[in-house]
Amino acid sequence: MAKAVLTSKSEDFPKWYQDVVAKAELADNGPVRGTMVIRPYGYAIWERMQAELNRRIKDAGAENAYFPLFIPESYLRKEAEHVEGFSPELAVVTHAGGKELEEPVVVRPTSETIINSFFSKWVQSHRDLPLLINQWANVVRWELRPRVFLRTTEFLWQEGHTAHATQADARVYALRILHDVYEDFARDVMALPVLVGRKTERERFAGADATYTIEGMMGDGKALQMGTSHELGQNFAKAFDITFQSSSGTTEHAWQTSWGVSTRLVGALIMGHGDDAGLRVPPALAPIQAVVVLVRDEEGAGERAASLAAELAGAGVRVRLDDRVDTGFGRRAVEWELKGVPVRIEVGPRDLAAGTVTLVRRDVAGEKATVALEGLGARVAGLLAEIQTSLYQEALDRRESSTVDAAGLDEVREAAQVGFARVPWDVIRESETDLAADALTVRCLQEADGGVPGSSAGAGLIATVAKAY
RNA sequence: CGGGGAGUGGCGCAGUGGUAGCGCACCUGCUUUGGGGGCAGGCGGUCGGGGGUUCAAAUCCCCCCUCCCCGACCA
């Protein structure tokens, strides 16, 4: 950290973000505006996200499947509000196979329509319910103002789609995903505190009865929607004729949910934890939790570094050995800091005699310790757990200190310039559009105790207002 | 889609009409390696595209395209 490697966060946050994306080798811009190439390290992070999310999704009972990229344009039109919400951002294929298509096909912006057209076939009886499907896929929404990971024309995500026999079942499931998958993942894996709440009618997903959200605060005080879960009611069931016979013999429309998180989470990771030295990846998420850096290969240091890496791997640590001694030490140290590897272990000839290594934690700037080689595995495991906790605490403290309880609209406007403004929903209600003129949105509604409201019409709700990505 | 910037080697930039340059990166060699090391020698650009003015255009004029930043819309 001797020399500035990046634009500093405080100097120019957007520039800093782009610098981190480039220097940590996360992604490049693609040739078509709004597209991105996810580089190996960025993709490794996404794969870790996928693994952790996939496990939680399966724990919630959903199964993975895959539906086509191309959707008949007519499907989109079946649900009026849905198509209205998406039509500006659709990519439509009109020519293929050397000729104009009779019916254009849409590149999926989301898969509600095509999946529900199959749910219609698959759901006949109440015994077929609940039907719990998830898919990992790419989707395309033509973006006017793209930003790598945060808002790209093509992005990767998981989208869950479910059908239930009753409204109550669907509601419970939408909230279960919200809490047990998304909130849990954000907190325990990404080490990011999130507000869990309900979207206002204005912010609701086109075609949903209710949209729930997890909202994180980024390093510049802006909000980022990190995941959504929707109660779709019977809107799509009616549009796509998803009906079943109940146990009493009546024909009913299914009640549905859909929910998703995307590669936007990589952006959340960067902006939620990054510092002036680059990315900081929480250990639970990190593709590389510890890197053993060989300083110089003299006096058996190389063998020691290799055996140490093997020992850590054996102890369950995701470890990488950096023995590229033809590259200067400082350069490599900077590289691993940019990539946010939580723990760095430096091994050189100097350590060997003393039976020590140098242990560096990424979350606390400039903290190095000389520690005994003996028992290093346990020590590293303990340190990883500590870093996970400290990153979460740091993010939580930052959010708390950047959140203001406001009483009126003027206070809301002022507080939301630099952070979150919490205000009674009753104060906002009719002024939501006015706030939008100042680029401020209600990120979510919560009960006074932080609970998720059953309706936006309820009394005593708290609105959180902020600028958002 | 509105407002503002910018397009010159992989990246960042200089170059106000007269032989295209600098830093970093890259390659080769030597030396170094405990925080982006040093020396020497190299590779690499039809200056975003098209048209025009001129003896001569990266430079002046016209049109187009792209990217970035700030807003309206979104995961």
Side-chain angles (χ1 to χ4, degrees), chain A residues 1-7 12-15 17-19 22-23 28-34 84-90 109-110 137-159 182 199 202-206 211 213-216 223-230 258-268 277-278 293-298 301 322-338 344-352 354 356-358 360 365-366 368 370 433 436-441 467-469:
Chain A
M1 274 170 270
K3 188 163 91 179
V5 174
L6 301 167
T7 304
D12 185 343
F13 195 84
K15 182 74 162 42
Y17 178 84
Q18 290 180 281
D19 280 1
K23 296 217 167 191
D28 270 333
N29 282 313
V32 172
R33 178 176 168 77
E84 191 182 326
F86 276 112
S87 58
E89 11 182 12
L90 291 182
T110 177
N138 58 339
V139 286
V140 168
R141 299 176 188 178
W142 218 258
E143 284 295 342
L144 302 177
R145 197 185 148 197
R147 239 144 106 53
V148 184
F149 288 118
L150 296 175
R151 193 171 39 230
T152 47
T153 282
E154 179 188 8
F155 57 93
L156 306 183
W157 76 346
Q158 60 69 214
E159 50 178 322
Y182 297 157
K199 284 295 189 186
R202 190 173 194 278
E203 302 285 330
R204 184 173 48 80
F205 172 69
T211 291
T213 181
I214 56 170
E215 298 281 330
L224 181 74
Q225 182 170 328
M226 291 173 57
T228 55
S229 184
H230 313 289
S258 71
W259 27 278
V261 296
S262 72
T263 37
R264 168 178 273 191
L265 290 176
V266 179
V293 179
L294 174 62
V295 180
R296 274 180 294 147
D297 189 7
E298 290 170 14
D322 179 358
D323 57 1
R324 299 169 296 167
V325 289
D326 55 346
T327 299
F329 171 82
R331 176 169 296 273
R332 292 182 287 147
V334 166
E335 180 185 327
W336 295 118
E337 269 160 11
L338 281 166
R344 188 170 72 243
I345 300 155
E346 301 171 3
V347 180
R350 238 157 58 190
D351 297 298
L352 289 177
T356 61
V357 296
T358 303
V360 189
K368 285 193 178 194
T370 302
T433 307
D438 297 329
L440 302 180
T441 50
K467 289 186 178 179
Y469 280 97

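Order of the sequence lines sets the chain letters (A, B, ...), proteins ahead of strands, with each chain counted from 1. Side chains included, hydrogens not; waters and symmetry mates left out as well; all remaining heavy atoms used.
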key: Heavy atoms from other residues, nucleotides or ligands near CD of A:E298 exceed 12 (cutoff 6.0 Å)   =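 Yes, CD of A:E298 has more than 12 neighbouring heavy atoms, counting only those of other groups under 6.0 Å.
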Separation between the [atom1] atoms of [N] and [M], rounded to whole Å:
{"N": "B:C67", "M": "B:U46", "atom1": "P", "answer": "22 Å"}
{"N": "B:G51", "M": "B:C68", "atom1": "P", "answer": "28 Å"}
{"N": "B:C61", "M": "B:C13", "atom1": "P", "answer": "23 Å"}
{"N": "B:A6", "M": "B:G48", "atom1": "P", "answer": "14 Å"}
{"N": "B:C11", "M": "B:U53", "atom1": "P", "answer": "34 Å"}
{"N": "B:G41", "M": "B:U16", "atom1": "C1'", "answer": "36 Å"}
{"N": "B:U66", "M": "B:A57", "atom1": "C1'", "answer": "22 Å"}
{"N": "B:G44", "M": "B:G9", "atom1": "C1'", "answer": "6 Å"}

In whole angstrom, what separates [X]'s [atom1] from [N]'s [atom2]?
{"X": "A:E346", "N": "B:G35", "atom1": "CD", "atom2": "C1'", "answer": "8 Å"}
{"X": "A:R332", "N": "B:U32", "atom1": "CZ", "atom2": "C1'", "answer": "13 Å"}
{"X": "A:E298", "N": "B:U32", "atom1": "CD", "atom2": "P", "answer": "10 Å"}
{"X": "A:Y17", "N": "B:C68", "atom1": "OH", "atom2": "P", "answer": "13 Å"}
{"X": "A:I345", "N": "B:G34", "atom1": "CD1", "atom2": "P", "answer": "19 Å"}
{"X": "A:D28", "N": "B:C68", "atom1": "CG", "atom2": "P", "answer": "12 Å"}
{"X": "A:K15", "N": "B:C67", "atom1": "NZ", "atom2": "P", "answer": "18 Å"}

task = Would you mind building the protein contact string for nucleotides 22-29 of chain B? One character per nucleotide, 5' to 3', B for base within reach (heavy atoms under 4.0 Å), S for sugar-phosphate only, - for untouched.
result = ---S----
remark   = The contact string for nucleotides 70-75 of chain B, one letter per nucleotide 5' to 3', using protein heavy atoms under 4.0 Å with B, S and - for base, sugar-phosphate only and none, comes out as BBBBBB
Set of salt bridge (charged side-chain N to carboxylate O under 4.0 Å, His left out) partners for A:R332, sequence neighbours left out =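 Applying salt bridge (charged side-chain N to carboxylate O under 4.0 Å, His left out) to A:R332 gives A:D322.
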query = Of all residues at least two apart in sequence or in a different chain, which pass the salt bridge (charged side-chain N to carboxylate O under 4.0 Å, His left out) check with A:R141?
reply =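 With sequence neighbours excluded, A:R141 shows a salt bridge (charged side-chain N to carboxylate O under 4.0 Å, His left out) to no residue whatsoever.
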ask   = Got a sec, which residues hit side-chain contact (heavy atoms from CB on, under 4.5 Å) with A:E203, two or more places apart in sequence or on another chain?
value =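 Only A:K199, A:T200, A:E432, A:T441, A:R443 meet the side-chain contact (heavy atoms from CB on, under 4.5 Å) criterion with A:E203.
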task = Identify, with sequence neighbours excluded, every residue that meets side-chain contact (heavy atoms from CB on, under 4.5 Å) alongside A:T7.
result =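 Listed in chain order: A:E11, A:D12, A:K15, A:D19.
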task = Any chance you could lay out the side-chain contact (heavy atoms from CB on, under 4.5 Å) test for A:V139 and A:E159, step after step, and finish with the verdict?
result = CA-CA 10 Å; A:V139 286; A:E159 50 178 322; 4.2 Å; yes
task = Kindly indicate whether the side chain of A:D323, heavy atoms from C-beta on, has any atom under 4.5 Å from the side chain of A:D297.
result =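 The answer is no, as the side chains (C-beta and beyond) never meet within the 4.5 Å cut-off.
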message = Should the side chain of A:E337 and the base of B:G35 be counted as holding a donor-acceptor pair, with the cut-off at 3.5 Å?
response =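 Present.
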query = Considering only heavy atoms and no angle criterion, is a donor-acceptor pair shorter than 3.5 Å present between the side chain of A:R344 and the base of B:G35?
reply =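 For A:R344, whose side chain was compared with the base of B:G35, there is a donor-acceptor pair (under 3.5 Å).
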What is the base-pairing partner of [N], counting Watson-Crick and G-U wobble geometry with both distances under 3.5 Å?
{"N": "B:G34", "value": "none"}
{"N": "B:C1", "value": "B:G71"}
{"N": "B:A58", "value": "none"}
{"N": "B:U66", "value": "B:A6"}
{"N": "B:C22", "value": "B:G12"}
{"N": "B:G29", "value": "B:C39"}

request  = Apply side-chain contact (heavy atoms from CB on, under 4.5 Å) to A:R147 and A:T152, showing your working.
outcome  = CA-CA 6 Å; A:R147 239 144 106 53; A:T152 47; over 6 Å; no
Aromatic plane relationship, A:H230 with A:F205 - under 30° parallel, 30 to 60° tilted, over 60° perpendicular =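 Judged by the thresholds at 30° and 60°, the geometry between A:F205 and A:H230 is parallel.
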request  = Step by step, work out the side-chain contact (heavy atoms from CB on, under 4.5 Å) result for A:E89 and A:E143.
outcome  = CA-CA 7 Å; A:E89 11 182 12; A:E143 284 295 342; 3.7 Å; yes
inquiry  = Would A:R264 pass as a cation-pi partner of A:Y469, given that its NZ or CZ must be under 6.0 Å from the six-membered ring centre and within 45 degrees of the axis?
reply    =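 Checked: cation-pi criterion not met.
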Under 4.0 angstrom, heavy atoms only, what part of the nucleic acid is [X] near: base, sugar-phosphate, or nothing?
{"X": "A:D351", "result": "base"}
{"X": "A:T327", "result": "base"}
{"X": "A:K199", "result": "nothing"}

